[in-house]
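This report concerns only the one structure given below.
Letters A, B, ... are given to chains in the order of the sequence lines, protein chains preceding strands, and every chain is numbered from 1.
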There are 2 protein chains.
Amino acid sequence: MFSKACEYGIRASIFIAKNSREGRRVSPREISKEIDSPQAFTAKILQDLVRHDVIKSVQGAYGGFEIDKDTIATIKLSQIVEAIDGNGIYSGCGLGLRECNEQHPCPMHDKFKSIRNDLRDMLETTNLEELATGIKNGEAFLKV
Amino acid sequence: MFSKACEYGIRASIFIAKNSREGRRVSPREISKEIDSPQAFTAKILQDLVRHDVIKSVQGAYGGFEIDKDTIATIKLSQIVEAIDGNGIYSGCGLGLRECNEQHPCPMHDKFKSIRNDLRDMLETTNLEELATGIKNGEAFLKV
DNA sequence: TTTATTTCGGATAAATATATCCTATTTATA
DNA sequence: TATAAATAGGATATATTTATCCGAAATAAA
Ligand code: FES
Ligand code: FES
């Protein structure tokens, strides 16, 4: 469904959100340990998310990654997915035609479209705040 | 969503189904032309589908690929997807945890599960007969 | 200002997915 | 039986994704 990079990116963002709520910056080392992902690869993805204004980085000693406390609830899953995987999952044809087009649909179009729209709605209405809360409460997990 | 191989496999199966209803066998050359896919690569995928009993091949002169007329309506999209991409899309965790587990859910689990189940239901209730009919009637297309 | 720490970014490696090529095998027909 | 036409399958090539490595730049604190 999502690329590995995107999976790591979402898990990392949730972990950063949880820690930022507690006023703690985190390093790629700590992040990749807590979400069980390859460190250098994860660091690349974090840089990508910084460039896309999903998270913030602070360079130098005592630096790390964080998210402004008051924006955590405004960051949607869709922003992370689009930053890393692009928007093909929202608009692309399920059977790989050049574009999904009502006037030139593939045989799966009608049935696929509704699922794709549900997925888009879900990603656009889910924010980091609620996901981080699940982790905080021990109801959900980021690894294993 | 699906791999290229899976997209080609579904499009090819629909094309074969349409032709088998008309009593015509088709070659990889004709298939890849009609679904606009790389020929040799498509041929590999067709072999895979034969091994998984989704389609039938007839070797030698006047051979080709076909589907028994009376089984076309019984072949579900899910069989093709599972043959090529495996069943990860049905059972895998959306955030890449080792397994999707109610007792150890990722933060996206509840919301993701319902979409994944809708997708599975769609693939399990859609058969080649109806898809081929769309093509036959000119309501749907397999390329461009 | 020096030092230690940390992100940034380029280069490279490894793994996987996609695609091509060529030969062997099968089979209907002449 | 010989021939031509077609799928099967191994070997190989290319592209993309995933992953690692290392030095440069930034920055807080001593
Ligand atoms: S054309 Fe294929 S999903 Fe819309
Ligand atoms: S555990 Fe992640 S989707 Fe179920």
Side-chain angles (χ1 to χ4, degrees), chain A residues 1-13 15-16 19-20 24-33 35-67 81 83-86 88-89 92 95-96, chain B residues 1-13 15-16 19-20 24-33 35-67 81 83-86 88-89 92 95-96:
Chain A
M1 183 80 78
F2 306 115
S3 67
K4 280 280 169 207
C6 192
E7 292 172 356
Y8 297 154
I10 295 173
R11 306 217 305 263
S13 298
F15 180 71
I16 296 168
N19 281 276
S20 292
R24 247 185 313 114
R25 266 180 211 149
V26 286
S27 66
R29 185 173 42 265
E30 187 180 358
I31 294 169
S32 60
K33 187 180 160 234
I35 73 172
D36 190 26
S37 68
Q39 181 177 329
F41 188 50
T42 305
K44 294 283 190 218
I45 298 161
L46 293 169
Q47 287 175 38
D48 220 30
L49 291 176
V50 169
R51 278 189 291 269
H52 281 87
D53 293 315
V54 173
I55 61 179
K56 275 178 59 180
S57 70
V58 178
Q59 291 191 52
Y62 293 79
F65 294 90
E66 63 184 19
I67 304 176
V81 172
I84 301 175
D85 281 351
I89 205 164
L95 288 188
Chain B
M1 185 78 78
F2 306 115
S3 68
K4 282 279 169 207
C6 193
E7 292 173 355
Y8 298 154
I10 295 173
R11 305 216 306 263
S13 298
F15 180 70
I16 296 168
N19 280 278
S20 291
R24 250 188 307 116
R25 266 179 211 151
V26 286
S27 65
R29 185 172 43 265
E30 187 180 357
I31 294 169
S32 60
K33 186 179 161 235
I35 72 173
D36 191 27
S37 68
Q39 181 177 329
F41 187 51
T42 305
K44 295 282 191 219
I45 298 161
L46 292 170
Q47 286 175 39
D48 219 32
L49 291 175
V50 169
R51 279 190 291 268
H52 281 88
D53 293 315
V54 173
I55 61 180
K56 275 178 56 178
S57 70
V58 178
Q59 291 191 52
Y62 293 79
F65 294 91
E66 63 185 17
I67 304 176
V81 173
I84 301 175
D85 280 352
I89 205 164
L95 289 189

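Atoms OG and CD1, from B:Ser20 and B:Ile55 in turn, are 9.0 Å apart once rounded to the nearest 0.5 Å.
Checked against D:dT7, C:dT7, D:dA29, the side chain of B:Gln59 finds its nearest nucleotide in D:dT7. Side-chain atoms of B:Lys44 lie closest to C:dT20 of the nucleotides C:dT6, D:dA5, C:dT20. The listed nucleotides are D:dA6, C:dT18, C:dT20; the one nearest the side chain of B:Ser3 is C:dT18. Listed nucleotides C:dT18, D:dT20, C:dA28 differ in distance to B:Ala5; the shortest reach to its side chain belongs to C:dT18. Nearest to the side chain of B:Val50, among C:dC21, D:dT18, D:dA8, sits D:dA8. Distance from the side chain of A:Gln47 is smallest to C:dC8 among C:dT20, C:dC8, D:dT18. Here the side chain of A:Ala61 is nearest to one of C:dT5, D:dG9, D:dC21, namely C:dT5. Candidate nucleotides D:dA29, D:dA6, D:dA19 were compared by shortest atom distance to the side chain of A:Pro38, and D:dA19 ranks first.
Rounded to an integer number of Å, the gap from OH of B:Tyr62 to C1' of D:dA4 is 9 Å. With rounding to whole Å, A:Lys56 atom NZ is found 12 Å from D:dT27 atom P. For B:Glu66 and D:dT7, the CD to P distance is 11 Å, given to the nearest whole Å. Residue B:Ile45 contributes atom CD1, which lies 15 Å from atom P of D:dT7 at whole-angstrom precision. For the pair B:Ile84 CD1 and C:dT18 C1', the computed distance is 13 Å after rounding to whole Å. Rounded to whole Å, atom P of C:dA19 lies 14 Å from atom CG of B:Leu46.
In the model, B:Ser32 has no side-chain atom that pairs as donor or acceptor with a side-chain atom of B:Ser37 under 3.5 Å.
Contact annotation: the side chain of B:Asp48 approaches that of B:Arg51 to within less than 4.5 Å [non-hydrogen atoms, C-beta and beyond]. Within the 4.5 Å cutoff, no side-chain heavy atoms of B:Phe65 are placed close to those of B:Asn19.
Within 4.0 Å of B:Phe41, counting heavy atoms only, lies at least one base atom of the nucleic acid. As judged by a 4.0 angstrom heavy-atom cut-off over every strand, A:Arg29 is placed among residues touching the sugar-phosphate backbone only.
Take the nearest nucleotide of DNA chain D for A:Arg25 and for A:Cys6: the residue whose nucleotide is more 5' is A:Cys6. Nucleotides of DNA chain D nearest to B:Ala43 and A:Gly60 differ in position, and the one nearer the 5' end is that of B:Ala43.
Regarding contacts with the backbone of D:dA8, every side-chain N or O of B:Arg51 stays at 4.0 angstrom or more from both OP1 and OP2. The side chain of B:Tyr8 contributes an N or O atom lying less than 4.0 Å from OP1 or OP2 of C:dA19. Between A:Gln39 and D:dA19, a side-chain N or O to OP1/OP2 separation shorter than 4.0 Å is absent. An OP1 or OP2 oxygen of C:dC8 is reached within less than 4.0 angstrom by a side-chain nitrogen or oxygen of A:Ser57.
Ionic pairing of B:Lys33 and B:Glu30 is not present here: no N-O contact between side-chain nitrogen and carboxylate oxygen is shorter than 4.0 angstrom.
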Going through the distances and angles, do B:Arg25 and B:Ile16 end up as a side chain to side chain contact (heavy atoms under 4.5 Å, CB included)?
CA-CA 8 Å; B:Arg25 266 179 211 151; B:Ile16 296 168; over 6 Å; no
